There are 4 protein chains.
Amino acid sequence: MRNTEAVLEAAKKAFAELGVDAPMRDIAARAGVGVGTIYRNYPQRSDLIIAVFRRELDTTAEEAERLAAEYPPAEALRLWSESLARFVATKRGFASALHSGDPAYQPLPAQFLGILAPKVQSILDAGAADGTIRGGVSAEHLIHALSRLADDGPDDAAAAGPSMTDVLLDGLIVSPRSIEP
Amino acid sequence: MRNTEAVLEAAKKAFAELGVDAPMRDIAARAGVGVGTIYRNYPQRSDLIIAVFRRELDTTAEEAERLAAEYPPAEALRLWSESLARFVATKRGFASALHSGDPAYQPLPAQFLGILAPKVQSILDAGAADGTIRGGVSAEHLIHALSRLADDGPDDAAAAGPSMTDVLLDGLIVSPRSIEP
Amino acid sequence: MRNTEAVLEAAKKAFAELGVDAPMRDIAARAGVGVGTIYRNYPQRSDLIIAVFRRELDTTAEEAERLAAEYPPAEALRLWSESLARFVATKRGFASALHSGDPAYQPLPAQFLGILAPKVQSILDAGAADGTIRGGVSAEHLIHALSRLADDGPDDAAAAGPSMTDVLLDGLIVSPRSIEP
Amino acid sequence: MRNTEAVLEAAKKAFAELGVDAPMRDIAARAGVGVGTIYRNYPQRSDLIIAVFRRELDTTAEEAERLAAEYPPAEALRLWSESLARFVATKRGFASALHSGDPAYQPLPAQFLGILAPKVQSILDAGAADGTIRGGVSAEHLIHALSRLADDGPDDAAAAGPSMTDVLLDGLIVSPRSIEP
DNA sequence: AATGAATGAGTGTTCATTCAT
DNA sequence: TATGAATGAACACTCATTCAT
């Protein structure tokens, strides 16, 4: 495509302002392109969404790798969950789309998880091996849950207390404190 | 309204079959009522949704009270989370609507939490008091999170491992097992 | 509907100018009405088409009755075929739609034939009884064929010779001329 | 054109599967060719259609010649009408296109008749000469009519009775039976 | 000559919402 | 109060056709 970059840029902005269900027409107009052009290159809306977020998604995936190398598993997982939260929180409507059941978004979860799960699974496995992370939890489930919790809570959410994400991780990570009284 | 009951019953069925974003027309037709009638009594869609689920929501809230009376806080919380999951899982699209940002659903979270939070807060407070539940967590946050996790995970979700809801609660509840080796 | 008449009138004109596949928008605009109004009253396009032509269709059907009463079967059939031809020839695209297979028109043939066939069948039966019309031909088949032949032939069609409709009828009617040399 | 054969073959298949209004893209893709290439060689869709069916059309035309040589005119005409019916019935949407009025198909009838009419006219003339076929009927009219009747009738069409095509021919052919009581 | 990316008009269809009766 | 007819904005999606390469 001649204007790949323009389309992705336009879509990114549109997604940011209107959410991932922004009208195609809108995106096309921003990109100075006909709607057909977008449909040709991204037959499914989910194709466009993934393409738009692909770079950042890859970054998030690589982050998992990097953290796994630098930190012990439990710590890596905690840090990475922030990375994921940052990603999800930024994409308006992405989380909803991910879990919506709307046929337009149907391939989304698989693609999303396909990119992230393998890297995260490594961390989980390492943690299970050294006993710092509870075993038996699949990366897919965990990412799924983390992405759900990443969206804003009630308005006064920031107010106080630990984030639910942290609580979830606390339930997953075998803290030394709890086993060594 | 003359036909309050008919409308609520119709809406309940429509929500069950088509999700909470079922066409108003559809609901009105099932109730044998004009759409205008519904709009008069429930100006916002969220008003209707809450009205429809009010009874069950109250039941769920009372369940919290009952469990708090019968069980120690931690146990009560675990049991109640199942109650909530049952509620959320049954209402097609309710969870999505709850967090969607769609202006049509905007008042939904507040009303939803307004009914449930006080009762749950009691459990949390009791647990914090006797040291079995980590303090500093607001009921609103927790309910918010639990309702998000109640929706289906990836397709192979049922497969194995603990549910993310359980993991979250594990992070919240100070299990005797973990402190008494 | 408040504007039934306006819609039917508008549709009739639109059909005349653009054919029975005229854009709904177009029809609505001519009628000074929203598209939704048309969809509400005529969910299927074929419903609108039949409604528009209903009066003339009924007239054509009654014509069959009248002719059957006034003329011997063979003669009545010939005269009625002209009536049908007049009807079909006036409705741009009607004949095509009738046989198109397009799902939008799917119910059309049945409705069309449902109105006309019974009356014509009476003529055929009477003719078969008195030996002036070949038996074994169903009214539905015949109408189907006549409506197909009624559309314009090649441009120079009017030029000369008997119409194909007449030839078809000649094959159907046991003319006295042919048996009495 | 380099790939004339591939295009015609692809178009033929596309026409068979999707009808003569198959998307150009589709045809081009099947042929492994750019759409532009098709447009260059067949500026009008009707050009492509005729080109695709040309060979079979010629066969049908030659069939007329062959039958005229082997059989008496009336018999030849009957046999040929079957040949034509076979051709028309096989080409999805061809009959509709032939009579549709859609500008895209506008030149189609003339080209179609240009190929077939001369041969059929010979049969008609011969029949008129020896008194077995009613005179005054143009081949164009007749072919036009036959091609219209070749499409399926109502669903229960096959059920019973003579085909309308046969009836038409009965009206055209001066059967010995009818003149020799 | 061939390619195929790009264009964008065009259409069916759905529904929230209003308001005359 | 209740009704439900009417409105019309909104959107997805398809393709014929053009034209720069």
Side-chain angles (χ1 to χ4, degrees), chain A residues 1-4 6-7 18 21-29 31-45 48 102-104, chain B residues 1-4 6-7 18 21-29 31-45 48 102-104, chain C residues 1-4 6-7 18 21-29 31-45 48 102-104, chain D residues 1-4 6-7 18 21-29 31-45 48 102-104:
Chain A
M1 182 168 44
R2 206 162 58 224
N3 307 319
T4 302
V7 167
L18 308 172
D21 51 353
M24 277 298 189
R25 274 230 220 325
D26 221 338
I27 300 171
V33 148
V35 283
T37 303
I38 301 186
Y39 275 96
R40 159 184 283 271
N41 294 285
Y42 308 99
Q44 312 265 5
R45 173 177 288 267
L48 178 58
D102 185 318
Chain B
M1 181 170 45
R2 218 159 49 217
N3 306 316
T4 302
V7 167
L18 309 171
D21 51 352
M24 277 298 189
R25 268 229 231 327
D26 222 337
I27 300 170
V33 150
V35 281
T37 305
I38 301 186
Y39 272 94
R40 161 180 293 270
N41 294 284
Y42 308 98
Q44 311 267 1
R45 173 177 289 265
L48 179 58
D102 185 317
Chain C
M1 179 170 42
R2 207 164 58 225
N3 305 319
T4 302
V7 168
L18 308 171
D21 53 350
M24 277 298 189
R25 273 223 225 323
D26 222 338
I27 300 171
V33 148
V35 284
T37 304
I38 301 187
Y39 273 96
R40 159 185 282 270
N41 295 284
Y42 308 99
Q44 311 265 4
R45 177 172 215 101
L48 179 58
D102 184 318
Chain D
M1 184 170 44
R2 218 159 49 218
N3 306 318
T4 302
V7 168
L18 309 171
D21 51 352
M24 277 297 191
R25 270 230 231 326
D26 222 338
I27 300 171
V33 150
V35 282
T37 305
I38 301 186
Y39 272 94
R40 160 179 293 270
N41 294 283
Y42 308 97
Q44 311 269 2
R45 174 177 288 265
L48 178 58
D102 184 319

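All chains are named by letter (A, B, ...) in the order of the sequence lines, taking the proteins before the strands, and each is independently numbered beginning at 1. Only a predicted model underlies this, so the values are computations on that prediction, with no experimental measurement involved.
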How would DNA chain E look in dot-bracket form, 5' to 3', counting Watson-Crick and G-U wobble pairs with both distances under 3.5 Å and writing | for bases paired to another strand? .||||||||||||||||||||
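Atom CD1 in D/Ile38 sits roughly 9 Å away from atom P in E/dT3 (whole-Å rounding). For D/Ile27 and F/dC15, the CD1 to P distance is 12 Å, given to the nearest whole Å. E/dA20 atom P lies 14 Å from atom CG of C/Asn3, rounded to whole Å. For the pair C/Asn41 CG and F/dG4 P, the interatomic distance rounds to 14 Å; values are reported in whole Å. The CG-P distance, from C/Asp102 to E/dT11, rounds to 14 Å in whole Å. Counting to the nearest Å, the C1' atom of F/dA16 and the OH atom of D/Tyr42 are 18 Å from each other. Rounding to whole angstrom units, CD of residue C/Gln44 and P of E/dT11 are separated by 20 Å. For the pair D/Leu18 CG and F/dT14 P, the interatomic distance rounds to 14 Å; values are reported in whole Å.
Proximity of A/Thr37 to the phosphate of E/dA5: no side-chain N or O atom is located under 4.0 Å from OP1 or OP2.
Side-chain contact between A/Met24 and A/Arg45: present, with at least one pair of heavy atoms (C-beta onward) separated by less than 4.5 Å. Residues B/Ile27 and B/Leu48 have side chains in contact (heavy-atom distance under 4.5 Å, counting atoms from C-beta outward).
Minimum interatomic distance between D/Val35 and D/Arg25 (heavy atoms only, all atoms of both residues): CG1-CA, 3.8 Å. Nearest approach of C/Gly34 to C/Ala28, heavy atoms of both residues: C-CB, 3.9 Å. B/Ala22 approaches B/Leu18 most closely through the heavy-atom pair CB-CB, 3.8 Å. The two residues D/Ala31 and D/Ala6 have their closest heavy-atom pair at CB-O, 3.8 Å.
Both D/Arg40 and A/Gly36 sit near DNA chain E, but only D/Arg40 has its closest nucleotide nearer the 5' end. The nearest heavy atom of DNA chain F to C/Met1 and to B/Gly34 marks one nucleotide each, and the one closer to the 5' end goes with B/Gly34.
Counting atom types as modelled, A/Arg2 pairs no side-chain N or O with a base atom of E/dA5 as donor and acceptor under 3.5 Å.
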Between the protein and nucleotides 10-13 of chain F, are there any N/O to N/O pairs under 3.5 Å, and if so, what are the atom names and distances?
| unit_1 | atom_1 | unit_2 | atom_2 | d |
| --- | --- | --- | --- | --- |
| F/dA12 | OP1 | A/Arg45 | NH2 | 2.6 |
| F/dA12 | OP2 | A/Met24 | N | 3.2 |
| F/dA12 | N6 | A/Arg25 | NH2 | 2.7 |
| F/dC13 | OP2 | A/Tyr39 | OH | 3.4 |
| F/dC13 | N4 | A/Arg25 | NH1 | 3.3 |

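Put simply, the residue from C/Ile38, C/Val33, C/Thr37, C/Asn41 that forms a side chain to side chain contact (heavy atoms under 4.5 Å, CB included) with C/Asn3 is C/Val33.
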